[in-house]
Each structure stands twice: as C-alpha cells, then as structure tokens.
Amino acid sequence: QVQLVESGGGLVQPGGSLRLSCAASGRFSSINAMGWYRQAPGKERELVATITSGGESNYVDSVEGRFTISRDNAKNTVYLQMNSLKPEDTAVYYCNAKIVRWRFAAESSVWGQGTQVTVSS
C-alpha cells in the first residue's frame with residue numbers, strides 16, 4: 001500500500017517561512033499530479049497548489065507569489081515553500097498524490113494525515 005508522510009509544519013511568526021515536505025512510500029508504479037490542500041478552523045478544505053508530473057504548477061490566488069510548490073521525482077517527494085506567511089495561512093495542510101499502483105491500473109488518490117501550520121506573533 002502507498003503512504004504519504006508529511007513534515008515541516010510548526011509555529012512561525014508573521015512574515016516568516018516554512019517548508020513542507022511530503023514523501024510517498026510503498027508499492028506503486030508511478031505518481032502523477034501532487035498537491036497541497038489546507039483546512040482552517042471553521043472553513044472547508046481548499047486546494048492550495050498542484051504540480052504535474054512534468055513540473056507545471058498552479059496556485060490559489062491567496063498564496064500566489066508567496067508559496068512555491070516543487071517535486072523531486074527521484075525521491076517521490078513534493079515540497080511547499082511558504083514565504084511571507086500571514087495569520088490567515090494558519091491551517092492543517094494535507095498532501096495529496098495521484099497514484100498509479102501498477103502498470104495500466106486506474107489512477108487513485110492518496111492523502112497524508114496532515115501537518116499543522118500556525119502563523120502567530
């Protein structure tokens with residue numbers, strides 16, 4: 001089975017930076033798109049950023065210019081570099097990956113357990 005392990009969350013002051021990592025492990029054929037989602041208290045989970053297997057990325061408007069998503073295919077890992085953090089960025093951040101478990105199999109979606117990011121002075 002495939003698992004996603006997230007790391008890098010924590011407490012940071014406004015204007016600070018954090019770098020989140022998400023590594024996929026287990027048995028699978030390939031990883032297609034990967035992304036980061038977040039859920040703030042009292043709000044629905046929202047898509048923050050995505051990146052295709054070819055490296056094309058997209059961002060929600062509220063983080064455009066501040067966050068950067070990247071991936072290392074050799075390590076099966078996706079990153080989220082978060083700069084100029086604001087209190088409204090406070091949320092649980094979840095990693096997601098589109099996994100092909102074996103050749104010619106259907107794509108499936110796998111989620112990490114989430115990592116807390118708190119931006120506060």
Side-chain angles (χ1 to χ4, degrees):
Q1 294 182 337
V2 180
Q3 294 181 340
L4 301 180
V5 180
E6 299 146 328
S7 63
L11 175 64
V12 65
Q13 294 183 345
S17 298
L18 285 174
R19 178 176 160 97
L20 305 182
S21 299
C22 173
S25 62
R27 294 184 178 274
F28 54 85
S29 177
S30 62
I31 303 175
N32 294 329
M34 304 184 78
W36 289 94
Y37 294 70
R38 68 185 181 187
Q39 187 166 20
K43 296 185 178 181
E44 293 188 353
R45 185 176 300 187
E46 68 169 345
L47 179 64
V48 177
T50 60
I51 185 167
T52 68
S53 60
E56 295 187 353
S57 59
N58 288 282
Y59 303 89
V60 68
D61 289 344
S62 60
V63 309
E64 186 79 45
R66 299 188 298 120
F67 291 10
T68 302
I69 188 171
S70 61
R71 64 191 289 170
D72 186 337
N73 291 332
K75 297 181 179 179
N76 296 318
T77 300
V78 64
Y79 307 93
L80 186 67
Q81 178 67 47
M82 304 184 293
N83 298 326
S84 302
L85 282 162
K86 304 174 181 179
E88 49 263 45
D89 294 319
T90 296
V92 177
Y93 284 71
Y94 298 90
C95 178
N96 176 265
K98 302 296 179 61
I99 302 292
V100 178
R101 298 185 185 277
W102 60 85
R103 195 173 184 182
F104 307 124
E107 183 183 77
S108 62
S109 183
V110 180
W111 290 89
Q113 294 300 307
T115 183
Q116 177 70 50
V117 172
T118 302
V119 184
S120 176
S121 60

**Report entry** With sequence neighbours excluded, residues passing side-chain hydrogen bond (donor to acceptor under 3.5 Å, both in side chains) with S70
**Finding:**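 In terms of side-chain hydrogen bond (donor to acceptor under 3.5 Å, both in side chains), with neighbours along the sequence ignored, S70 is linked to no residue.
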
Query - Non-neighbouring partners of T68 that pass side-chain hydrogen bond (donor to acceptor under 3.5 Å, both in side chains), sequence neighbours left out - result: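 side-chain hydrogen bond (donor to acceptor under 3.5 Å, both in side chains) check on T68 returns nothing, list empty.
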
Report task. Could you state whether V2 and M34 fall into the same hydrophobic cluster, counting links through intermediate Ile, Leu, Val, Met, Phe, Trp or Tyr residues with side-chain heavy atoms under 4.5 angstrom apart? Result ->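 Yes, it is one cluster - the side chains of V2 and M34 are joined through contacts under 4.5 Å.
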
Query raised in the report: Who pairs with Y37 by ring-ring contact (aromatic ring centres under 6.0 Å, His included), at least two apart in sequence or on another chain?
Result: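 Once residues adjacent in sequence are excluded, the partners of Y37 under the ring-ring contact (aromatic ring centres under 6.0 Å, His included) criterion are W111.
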
Less than 4.5 Å apart, side chain to side chain, heavy atoms only: is that true for [X] and [Y]?
X    : Y    : result
Q39  : Y93  : no
Q116 : T118 : yes
R101 : S108 : yes
L85  : F67  : yes

Using 0.5 Å steps for rounding, measure from the [atom1] atom of [X] to the [atom2] atom of [Y].
X   : Y   : atom1 : atom2 : result
S62 : K86 : OG    : NZ    : 8.0 Å
I51 : W36 : CD1   : CH2   : 12.0 Å
R66 : Q81 : CZ    : CD    : 12.0 Å

Could you go through residues 73-80 and list every donor-acceptor pair under 3.5 Å that involves a side-chain atom there, pairing it with any protein atom two or more places apart or in another chain?
{"from": "N73", "atom 1": "OD1", "to": "R71", "atom 2": "NE", "distance (Å)": "2.7"}
{"from": "N73", "atom 1": "OD1", "to": "R71", "atom 2": "NH2", "distance (Å)": "3.3"}
{"from": "T77", "atom 1": "OG1", "to": "K75", "atom 2": "O", "distance (Å)": "2.9"}

Query raised in the report: Is the count of non-hydrogen atoms from other residues, nucleotides or ligands lying under 6.0 Å from E56 atom CD greater than 12?
Result: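 Not buried by this count: 12 neighbours or fewer within 6.0 Å.
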
Query raised in the report: Has E64 got more than 12 heavy atoms of other residues, nucleotides or ligands less than 6.0 Å from its CD?
Result: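 Buried by this count: over 12 neighbours within 6.0 Å.
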
Query raised in the report: Quick check: does any side chain N or O of N96 sit under 3.5 Å from a backbone N or O of V110, one acting as donor and the other as acceptor?
Result: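 Indeed, once roles are kept as given, a pair shorter than 3.5 Å links the two residues.
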
Query raised in the report: Please walk me through it: do Y94 and Q113 pass side chain to side chain contact (heavy atoms under 4.5 Å, CB included)?
Result: CA-CA 7 Å; Y94 298 90; Q113 294 300 307; over 6 Å; no

Which side-chain N or O atoms in residues 9-33 pair as donor and acceptor under 3.5 Å with protein atoms at least two apart or in another chain?
{"from": "S17", "atom 1": "OG", "to": "N83", "atom 2": "OD1", "distance (Å)": "2.9"}
{"from": "N32", "atom 1": "ND2", "to": "E107", "atom 2": "OE2", "distance (Å)": "2.7"}

Requested in this report: Test Y59 against every option in I69, V48, T50 by the side-chain contact (heavy atoms from CB on, under 4.5 Å) rule and name the one that passes.
Outcome: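 That would be I69.
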
Requested in this report: For R38, enumerate each residue passing the salt bridge (charged side-chain N to carboxylate O under 4.0 Å, His left out) test, keeping only those at least two apart in sequence or located in another chain.
Outcome: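 Salt bridge (charged side-chain N to carboxylate O under 4.0 Å, His left out) check on R38 returns E46, D89.
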
